[in-house]
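So the structure is just underneath, and the comments pick up after that.
Proteins come first, then strands; the chains are lettered A, B, ... in the order of their sequence lines, and each starts at number 1.
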Amino acid sequence: MKYEFHAIEKKWQKKWDEEKTFKAVTGDSKPKFYGLIEFPYPSGEGLHVGHPRPYTAMDIIARKRRMQGYNVLFPIGFDAFGLPTENYAIKHHMQPSVVTQRNIAHFTEQLKTLGYSFDWDRCVDTTDPEYYKWTQWIFLKMFEKGLAYKTYMPVNWCTSCKCVLANEEVVDGVCERCGSPVIRKEKSQWMLGITKYAQRLLDDLDGLNFIERVKIQQRNWIGRSTGAEVVFSTTAGDSITVFTTRPDTLFGATYMVISPEHELVNKWLDKLENAEEVTAYKEEAAKKSDFERTELSKEKTGVELRGVRAVNPVTGGELPIFISDYVLASYGTGCIMAVPGHDTRDWEFAKKFSLPVIEVVSGGDVSKEAFTDCETGTMVNSGFLNGLSVEQAKKKIIEWLSDKGLGKEKVNYKLRDWVFARQRYWGEPIPIVKCPVCGFVPLPESELPLLLPEVKSYEPTDNGESPLAHIRDWVECTCPKCGGKAERETDTMPQWAGSSWYFLRYMDPHNKNELASKEALDYWGMVDWYNGGMEHTTLHLLYSRFWHKFLYDIGVVPNPEPYAKRTSHGMILGEDGQKMSKSRGNVINPTDIVNQYGADTMRLYIMFIGDFEKAAPWSSDAVKGCKRFLDRIWNLGERVSGGGKGYSRNNEASIHRTIKKVSEDIDAMKFNTAIAAMMSLVNEFYDKGADRDDFCALLRLLSPFAPHIAEELWQLQGQKGMCCTQPWPEYDESKMVEAEKTIAVQVNGKLKTTVTVATDAADDAITAAACADDKIKKILGESELIKTIVVKNKLINLIVKPKNA
RNA sequence: GUCGGCGUGGCGGAACAGGCAGACGCAGGGGACUUAAAAUCCCCCGGUGGCAACACCGUGCGGGUUCGAUUCCCGCCGCCGGCACCA
């Protein structure tokens, strides 16, 4: 009988579907396991070969957990709002909702051919009004608590998408999605106050089982730094507050810099001798795009504010004040004290503008470069701080400043509040009404969902307005508070809104009254294991942690963190080792592989391709190896079921070792070595033979990886029930022990030969066996044995020296 | 600049609480079966020398610790990724 993978796969997929084999049951008494993968964006291109890697991995884990007796929630859904769909719809004169439904249908079909054990009854779609009702509801709760607010500020504006971007969406000065230049634009924007959660987002990382690089990246992004705020008085009367991480160097401050956008600059303008020059610089800086500000040479520019001077609070000395775009308006106070002796940027600026450099920490040569070491130096030229270490000086100066009311300890974060509005059509409408009398008024909960109106034209505009703004009969409404004429907010939410809480909806996807019932939220609790891409570390992963903490604070969810464990997979590269892209022509379509070799081969190969965490190039040849492996298992099945002539049960130790290896490797996501172990076992079955029990043990191990062939062979072997619902095989350490061990024999650390001794043989016995070896005898005849080192069951090392040395 | 990660055969990759480097697979070579090919099954497969037994070399480079180092330590080189005028 031939291995007819197409028919077999279809047969079992249908059966799993009909019998709802993978249904998750809220409230079940079995221990629960919630395994999550990042739900796909249903693009028009269909499934990409990048999708099956994480999906297959979590499917294997979920299938194993079910066999181990867990009540498993392994859901799927679609993150369907977003620009590519909208752009496609514009181009083809279609409704985005129609395009979305078509794409979801296509994705569903493709995903089903891969045999994933999703509970399809829990499928969610972020563009479904029954879903986004709750996205809007969460927004309203945030508005209520003051976390959602509208403010006028410079924002990142993508010139191609024609909408604003969050900080996290700007990569190297360009739009992370389309690669177009990002410019700064002053706009009134809805914001979410993620910075209020900065410290908690940081602290709570410690208790989570996230892979370290995710934690590190989130910590970097949050960017906490401790230092002090110091108040400088000025000759203009106003004081300047600066943030510094080096308050110890206060005696070394020789000038001040404030960012060009700072309000004091405008305030002082008529006092300045060079107001024109200052204004010109301000305008120049405002014109620079983010790209220019970061990518241009680090050559410092700036203009002194002539006519105003600052006063150093410890020395009483007057300091010149500059504006320069190397000081960012959006970090700290937008002002710094410049200590050129001990800060590289200040040093460069001071050299360019011939400003004095004072050494206040000894140990370097400040005439040559800034000395920035905090560990070794001693304070000098610093009055009452002289002789102290940097650490001691920091403490002392902060005390001194606090006493005088001139400063205090201060923590700052790089994290910025989240720009939460897009001037595009295909997103969740923001459920807020602008009333000329009452200001921003939230829609009452009873009016949710606020539906996205069906319109003919939804092209983005150049004037920074959302396409929704043109739909007057939708925009014009009455104020829910005063009943007067009002207008709706016309911006929509960013792509990241729907995905910030989707894992909660899976717990209770059809609930009409709540985002999910308390019972479901309590039962499923935290996501036990979440695997996803590194590219979402400072986007979706951080955002959803923030939303979850908010929901926890208002009593909706029972845990302060959403995900107990986070792992991440490497990218699948093209056959040429390059990132897959249409323009390179190196894209592999998973459906083609399924058609050619079957889903089981596809699943197996994508897991065998290499270390799960690392990027791996696709290899068309290597796929065949996995197909060959399945063929060998198939053929073995026929030999076993054909009577098993000449096969005997002499594989016990190997089987138990393989069970242990596969079990442990799945939990450690070392799928490649788990498969290698099964391959070795099959090789051994070919070598030594196997009986039905041996073979069925293998099928159960194989089942999570290649579920269809495992089911079929299970049935052909006359076994009862489905293979995927059998208990996971157990191993017995005592049965893994072999009678004999091969011991490496080294002389002076170099391998000479091997000997076979009984397992756990005593050191003496090993030594005797080694010395009895002909080759070793010869060596010992010519040398003097000084010492022997025995590592039980592994190795013996004989230390010798020449006889007459 | 800074913080992570990684450098192992022709290729993808194994092995690291220090203990037989190259598991498993791909590609390659040989054989069996076949009229033949494919498929399948069996064997070989890091390098150099040798008919062979065997010897020497070999985990990016240079040192060190150790009976023994791919694994630990110090110093370089090279790739990949995060952050970056964040005071």
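With both pairing distances under 3.5 Å, B/G19 is matched to B/C67 as a Watson-Crick or G-U wobble pair. The partner of B/C6 is B/G78, by the rule that a Watson-Crick or G-U pair needs both atom distances under 3.5 Å. For B/G12, the paired nucleotide is B/C24, the pair qualifying as Watson-Crick or G-U wobble because both relevant distances are below 3.5 Å. In this structure, B/G58 forms no base pair with any nucleotide, since neither Watson-Crick nor G-U wobble geometry is met with both distances under 3.5 Å. Pair assignment for B/U34: none, as no Watson-Crick or G-U wobble contacts are both less than 3.5 Å. Here B/C83 sits opposite B/G1 as a Watson-Crick or G-U wobble pair (both hydrogen-bonding atom distances under 3.5 Å).
Judged by distance alone, with hydrogens and angles left aside, the side-chain atoms of A/Asn312 form a donor-acceptor pair with the main-chain N or O of A/Leu250 at under 3.5 Å.
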Hey, what are the protein-to-nucleotides 38-45 of chain B N/O distances that come in under 3.5 Å?
{"from": "B/C41", "atom 1": "OP1", "to": "A/Arg632", "atom 2": "NH1", "distance (Å)": "2.8"}

Anything under 3.5 Å between a protein N or O and an N or O of nucleotides 8-12 of chain B, put it in a table, one pair a line.
{"from": "B/G12", "atom 1": "O2'", "to": "A/Ile609", "atom 2": "O", "distance (Å)": "2.7"}

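Here, B/G29 and B/G10 have their C1' atoms 13 Å apart, quoted to the whole Å. A gap of 11 Å separates the C1' atoms of B/U70 and B/G22, to the nearest Å. Separation of the C1' atoms belonging to B/G9 and B/G25 is 14 Å when rounded to the nearest angstrom. When the P atom is used for both B/G7 and B/G12, the distance is 12 Å, rounded to whole Å. B/G13 and B/A23 are spaced 15 Å apart, taking the P atom of each and rounding to whole Å. Between B/C74 and B/C6, the distance separating the two P atoms is 15 Å to the nearest Å.
Proximity of A/Lys750 to the phosphate of B/C57: a side-chain N or O atom is located under 4.0 Å from OP1 or OP2. Contact check, A/Ser225 against B/A87: a side-chain N or O comes under 4.0 Å of OP1 or OP2. At the phosphate of B/G82, neither OP1 nor OP2 sits under 4.0 Å from any side-chain N or O atom of A/Lys215.
For A/Lys300 and A/Phe349, the positive end is not near the middle of the six-membered ring at less than 6.0 Å and at most 45° from its axis.
Partner of A/Asp600 under the side-chain contact (heavy atoms from CB on, under 4.5 Å) criterion, chosen from A/Phe705, A/Phe5, A/Tyr3: A/Tyr3. Only one option out of A/Thr742, A/Val745, A/Ile796 pairs with A/Val755 in a side-chain contact (heavy atoms from CB on, under 4.5 Å); it is A/Val745.
A donor and an acceptor atom sit less than 3.5 Å apart, one in the side chain of A/Asn797 and one in the base of B/C67. Residue side chain A/Lys300 reaches the base of B/C85 through a donor-acceptor N/O pair under 3.5 Å, judged by distance alone. Scanning atom types as modelled, one donor and one acceptor separated by under 3.5 angstrom connect the side chain of A/Gln746 and the base of B/G19.
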### Message
Set out, in order, the CA-CA distance, both residues' side-chain angles and the distance that settles ring pair (Phe, Tyr, Trp, His ring centres under 6.0 Å) for A/Phe685 and A/Phe695, then state yes or no.
### Response
CA-CA 8 Å; A/Phe685 284 177; A/Phe695 188 64; 7.3 Å; no

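Contact of the A/Phe353 side chain with the A/Ser324 side chain is not registered, since no non-hydrogen atoms from C-beta on lie closer than 4.5 Å. Side-chain contact between A/Tyr543 and A/His536 is absent, with no heavy-atom pair separated by less than 4.5 Å.
Remark: A/Met736 CE is packed, more than 12 non-hydrogen atoms of other residues, nucleotides or ligands lying under 6.0 Å away.
Taking OH of A/Tyr331 as the reference point, atom CG of A/Asn412 lies at 4.5 Å (rounded to 0.5 Å).
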